[in-house]
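For reference, the structure is listed below as structure tokens.
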Amino acid sequence: MNAKTEHFSRNLIEFRDVSYHINDILRREVISSVSLAVPIGETLVLLGRSGSGKTTLLRLINGMLLPSRGQVLVQGGVTTEWDPIRLRRGIGYVIQEAGLFPHFTVEENVALVPSLEKWDRCRTAARVGELLCLVGLDPSEFARRRPRELSGGQRQRVGVARALAADPPILLMDEPFGALDPVTRAELQREFRTLAQRLQKTIVFVTHDLREALLLASRIVLLEAGRIAAVAPPQEFLRLEHPEVRAFAASLETNPGAPA
Amino acid sequence: MSPGSSGWSFFAEHRAEILGATLDHIELVLISMVIAMFIAVPLGMFIVQRPALRAVSIGIANIFQTIPSLALFGFLIPIPFIGGIGKRTAIVALVLYALLPILRNTYVGLRGIDPAVLEAAEAMGMTRAQILFRVRFPLALAVILAGIRTATIITIGIATIAAAIGAGGLGTFIFRGVALVSDSLILAGAIPAALLALAADFLLGMLERRLRVV
């Protein structure tokens, strides 16, 4: 009991020697012996190539996947012991293409978790207005629109507002800006950085874009084939000698328009 | 075709009878469709996440669809409780035919939801039931309705054959017309049946377009 509260106070999320394998004949391991702690207020970026296990790690946090070995602790409780519904209502989730409900208005999308939590109407309405302003959408213009009447960037803003609606302490983001054009993408990244600093949420952010990781992270975790290859704050990351770090750094250098 | 004038005068002379048969026909179709919907839509919702049941139930519905309708009516007559001569037997057969299009479309509609939407719903902490009723079902409604539309049109056609087992409806004219070699009698059954099918197609098509969410 004591140990539990101690962890809760420091680390909001903790991986303890976690492995995860796909439950088929091959039993291929997607995550191998990952140990990692995410303290309150951190923006942790999981960086890696496609198939390195970033998304799997993210889904282990909100219990959409359960570890094959080891434990994942969220807010002091092991994910296998959490009621998955309660666990997820306390964790905001933003994905590529936003995954907004097409049959709901913007307002109804943002109000999803409050409505599931049976907030009263006034409180929900006030919260929706507040959040739309926070993500830079004028409620009077956008609240009643449908997702199909929005641009990709606007949809992603609504996705962020929806994830923040019930004020969860944790925010999981899976390549949220991956499908946007470069200009909108840079715009949302800048705004997101400001927002993250202001809100003091514990954020786990998945990307395969080193530049995005350097811009947003307070700490970068590089994954390679399901294992942690390197951990470093962004200002030290590029100095690491690990071959996978070098491979990512090289991608940055060959990228036209990147700072030399 | 028989001369138009005598055909029309036949329609005029027998309009009360034709109208009565049309109403009987509509009643037969409506009752069958309502029962089929109440079976197929919940069954479709139930089998979405149960692959084993899905294969079995769609397989069975498929088999009914392949039995020639006249044969199916014949098979049902000797069966106690649901069989015999008359409306009840006809309704049982019509329900069996209507099941497949509705079941298949319910299933396809519920499966065809954008995976990102379902992932978000799950990650937001919606329960399975909430995802089914608040996300999958409303998004599948247009596809389900398309199945109901197909089933309705099939049922209007097959219901004419139900007259063979004494269920009444527009088929009565057609069978009598065939027996007496009278085009006017056949048309007195066929034309209203065709118009009914067109009207149902049009009305349900309108509803379907209104429900479509892109």
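Throughout, a chain's letter reflects where its sequence line sits, starting with A, and its residues are numbered from 1.
- Interface remark: A:Ile85 contributes backbone and side-chain atoms alike to the contact with chain B (heavy atom separation under 4.5 Å).
- Judged by distance alone, the side chain of A:His103 and the main-chain N or O of B:Arg134 form a donor-acceptor pair under 3.5 Å.
- Using a 4.5 Å cut-off between heavy atoms, A:Arg86 does not touch chain B at all.
- Taking both residues in full, the closest heavy atoms of A:Gly99 and B:Ala120 are given as O-CB, 3.5 Å, listed atom of the first, atom of the second, then distance.
- For the residue pair A:Asn62 and B:Ala123, the shortest heavy atom distance occurs at ND2-CB, 3.8 Å.
- Within 6.0 Å of CZ in A:Arg193 there are 12 or fewer heavy atoms belonging to other residues, nucleotides or ligands.
- Ranking A:Leu112, A:Leu172, A:Leu116, A:Val113 against chain B, the residue ahead of the rest is A:Leu116, based on heavy-atom pairs under 4.5 Å.
- With a 4.5 angstrom heavy-atom cutoff, A:Leu100 touches chain B only via backbone atoms.
- No hydrogens or angles considered: nothing links the side chains of B:Glu122 and A:Tyr93 as a donor-acceptor pair under 3.5 Å.
- Residues B:Pro115 and A:Glu97 have side chains not in contact (no heavy-atom distance under 4.5 Å, counting atoms from C-beta outward).
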* From CA spacing to verdict: side-chain contact (heavy atoms from CB on, under 4.5 Å), B:Met124, A:Arg162 -> CA-CA 9 Å; B:Met124 295 281 148; A:Arg162 180 175 67 175; 3.5 Å; yes
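- Other residues, nucleotides and ligands contribute over 12 non-hydrogen atoms within 6.0 Å of the CZ atom of A:Arg219.
- Crowding of B:Phe64 atom CZ: a count of heavy atoms from other residues, nucleotides or ligands under 6.0 Å not exceeding 12.
- Counting all heavy atoms, side chain and backbone alike, A:Arg89 lies closest to B:Gln130 at NH2-OE1, 3.5 Å.
- Between B:Glu119 and A:Arg59, at least one side-chain nitrogen of the basic residue sits less than 4.0 Å from a carboxylate oxygen of the acidic one, meeting the salt-bridge criterion.
- When all heavy atoms are compared, the tightest approach of A:Pro102 to B:Leu139 is CG-CD2, 3.6 Å.
- Only the backbone of A:Ile91 comes within contact range of chain B, with at least one heavy atom under 4.5 Å from a heavy atom of that chain.
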